[in-house]
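Side chains are part of it too, since the values below use all heavy atoms of this structure and drop only hydrogens, waters and symmetry mates.
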Amino acid sequence: MNTPWSTAIARVDVDDVLVRGYPLSELVGEVSFVDMVFLVHTGELPGPHQSRVLDAVFVTLIEHGISPSTIISRELATCGTPMQAAIAGGVLSIADWHGGSGEDLAETLVVLLERVGDDAADEATDERVEAVAVEYVRARRGAGMRFEGFGHPQHPEGDPRAGTLLRLADECGTAGAATRLLRTLATVITRETGKPLPPNVTGAVAAVLLDLGFSWRAMRGLVIAPRTAGLTAHVVEELEQGARWRLAPADEIEYTGPAVRAPGPKGAGT
């Protein structure tokens with residue numbers, strides 16, 4: 001039996017598109033792109049502070065130079081791959097270890113916040129947050145697992161994007177339970193491991209977006225959305241540079257196989 005399609009997001013009418021109850025034609029020119037993102041995800045238009053923070057998230061994520069996703073998109077472009085396929089290749093690289101770790105962390109933050117609960121006094125809640133964080137960190141260390149969303153190989157002194165974004169969330173009053181838990185986790189991780197591992201950009205984005213009301217399931221998609229614009233710029237630049245079949249020079253590739261050898265009789269190895 002076919003399951004009928006059902007959505008609370010939008011309805012296409014003959015003369016307009018209804019988005020979360022708002023006629024799209026009346027939103028055009030009146031709200032920003034980030035306002036529309038907020039609307040389709042949460043069901044409501046954001047307030048000015050919420051809009052500012054979400055816009056900052058998108059600005060934070062749009063570009064990070066020559067990185068795995070841009071390398072892949074540019075490489076595909078030099079092979080004559082169509083624009084959309086070159087961009088899609090870069091998007092596919094936004095995975096568990098590159099750009100996508102915020103999704104797992106966001107889900108973890110939701111689970112840990114459920115353990116903390118929200119019916120205690122502030123002081124008691126702080127103690128509970130600390131206890132839950134310690135339990136999580138010790139369990140993860142005991143299993144030999146990484147702390148995704150914390151630390152960054154290219155920013156050993158701390159990811160500057162994360163710091164700016166978290167400060168802005170504080171300033172705008174949107175920082176909430178998820179941001180508090182993120183900071184507690186960073187403190188506990190540093191204390192337990194003896195290594196400073198502050199939140200990186202994907203960790204900060206996860207907490208900030210949760211506090212804005214987004215689902216943890218949306219995190220990776222909300223990273224991909226702005227990064228796609230950046231990937232488009234890289235593909236265009238690569239095409240305009242005229243590169244064709246970009247390759248790594250042979251003298252930059254380390255060969256680790258056997259030395260030159262003559263072929264022996266067939267079956268000599270059996």
Might you work through the side-chain hydrogen bond (donor to acceptor under 3.5 Å, both in side chains) test for E63 and H234, ending with a clear yes or no? CA-CA 10 Å; E63 185 55 50; H234 278 275; 2.8 Å; yes
Nearest heavy-atom pair of M219 and A106: which atoms, and what distance? CG-CB, 3.5 Å
Determine whether L109 and W216 make a side-chain contact, defined as any pair of heavy atoms from C-beta on separated by less than 4.5 Å. no
If you apply the rule salt bridge (charged side-chain N to carboxylate O under 4.0 Å, His left out), what do you find for D13 with R11, and how did you get there? CA-CA 6 Å; D13 295 330; R11 183 185 75 204; 2.8 Å; yes
Same apolar cluster: I62 and L209, side chain cutoff 4.5 Å: no
Contact check, side chains of T60 and T164, non-hydrogen atoms, under 4.5 Å: no
Non-hydrogen side-chain atoms of H41 and I9 separated by less than 4.5 Å: no
Taking all atoms of both residues into account, what is the closest heavy-atom pair of A162 and V201, and its distance? CB-N, 3.9 Å
Apply salt bridge (charged side-chain N to carboxylate O under 4.0 Å, His left out) to residues R52 and E171 and explain how you reach the verdict. CA-CA 11 Å; R52 184 183 177 197; E171 177 186 327; 3.0 Å; yes
Would L105 and F147 count as a side chain to side chain contact (heavy atoms under 4.5 Å, CB included) if you check the C-alpha gap in whole Å, the side-chain angles of each, and the deciding distance to 0.1 Å? CA-CA 9 Å; L105 178 59; F147 292 102; over 6 Å; no
Thinking salt bridges, do E237 and R74 make one under a 4.0 Å N-O criterion? yes
What's the separation between atom CG in L182 and atom CG in L166, rounded to the nearest 0.5 Å? 6.0 Å
Considering all heavy atoms of both residues, which atom of A175 and which atom of D170 are nearest to each other, and what is their separation? CB-OD1, 3.3 Å
Atom pair CG (L210) and CD (E107), whose distance is rounded to the nearest 0.5 Å: 10.5 Å
salt_bridge(R180, E130) N-O dist < 4.0 Å: no
Test side chain to side chain contact (heavy atoms under 4.5 Å, CB included) on L45 and F38; report intermediate values, then the result. CA-CA 6 Å; L45 287 168; F38 193 96; 6.0 Å; no
How about CZ on R191, more than 12 heavy atoms from neighbouring residues, nucleotides or ligands closer than 6.0 Å, or not? yes
Atom CD of Q241 with >12 non-hydrogen neighbours under 6.0 angstrom: yes
Apply side-chain hydrogen bond (donor to acceptor under 3.5 Å, both in side chains) to the pair T174 and D211, showing each step before the final yes or no. CA-CA 7 Å; T174 65; D211 284 338; over 6 Å; no
V34 and S51 have their tightest heavy-atom pair at CG2-OG, 3.8 Å
Can you check whether D104 reaches E148 side chain to side chain, under 4.5 Å on heavy atoms? no
Report the distance from atom OG1 of T78 to atom CG of L239, rounding to the nearest 0.5 Å. 9.0 Å
Decide whether F214 and M36 are clustered together by the hydrophobic rule: side chain heavy atoms of Ile, Leu, Val, Met, Phe, Trp, Tyr closer than 4.5 Å, transitively. no
For R246 and E238, what are the C-alpha separation, side-chain angles and deciding distance, and is it a salt bridge (charged side-chain N to carboxylate O under 4.0 Å, His left out)? CA-CA 10 Å; R246 184 185 286 275; E238 191 72 28; 2.6 Å; yes
Go through the steps for V223 and I94 under the test side chain to side chain contact (heavy atoms under 4.5 Å, CB included), then give the verdict. CA-CA 8 Å; V223 171; I94 298 176; 4.2 Å; yes
Scanning both residues in full, the closest heavy-atom pair of L61 with L222 reads CD1-O, 3.8 Å
To the nearest 0.5 Å, what is the distance between CD (E192) and CG (L197)? 12.0 Å
If we only count heavy atoms from C-beta on, is the D55 to V59 side-chain gap below 4.5 Å? yes
Using 0.5 Å steps for rounding, measure from the CD1 atom of I87 to the OG1 atom of T70. 12.5 Å
CD/E75 to CD1/I72 distance, rounded to the nearest 0.5 angstrom? 9.5 Å
Under 6.0 Å from the CG atom of N2, do we count more than 12 heavy atoms belonging to anything else shown? no
Under 4.5 Å between any side-chain heavy atoms of Y136 and V188, yes or no? no
Find out if a path of hydrophobic residues (ILVMFWY) with successive side-chain heavy-atom gaps under 4.5 Å connects V53 to V31. no
Take E103 and R217 through the side chain to side chain contact (heavy atoms under 4.5 Å, CB included) test and state the conclusion after the steps. CA-CA 7 Å; E103 179 184 77; R217 292 180 175 86; 5.8 Å; no
S93/S69 under side-chain hydrogen bond (donor to acceptor under 3.5 Å, both in side chains): CA gap, chis, key distance, verdict: CA-CA 6 Å; S93 76; S69 56; 4.5 Å; no
Hydrophobic cluster membership, L18 vs L27, 4.5 Å side-chain cutoff: no
Under 3.5 Å donor-acceptor, S73 side chain and L231 backbone: no
Is there a side-chain contact between L39 and Y22, using heavy atoms and a 4.5 Å cut-off? yes
Start with the C-alpha distance between D35 and S32, add both sets of side-chain angles, then the distance that settles side-chain hydrogen bond (donor to acceptor under 3.5 Å, both in side chains), and finish with yes or no. CA-CA 5 Å; D35 291 343; S32 68; 3.2 Å; yes
Considering non-hydrogen atoms only, spot the tightest contact between P199 and A204 and give its length. CB-N, 4.5 Å
Mutual orientation of the aromatic rings belonging to F58 and F33 [parallel < 30°, tilted 30-60°, perpendicular > 60°]: tilted
Check whether any side-chain N or O of R244 sits under 3.5 Å from a backbone N or O of C79 as a donor-acceptor pair, and report yes or no. no
Do the side chains of L54 and Q50 get nearer than 4.5 Å, heavy atoms only? no
Is it the case that one hydrophobic cluster holds both L113 and L185, taking links as side-chain heavy atoms less than 4.5 Å apart, direct or via other members? yes
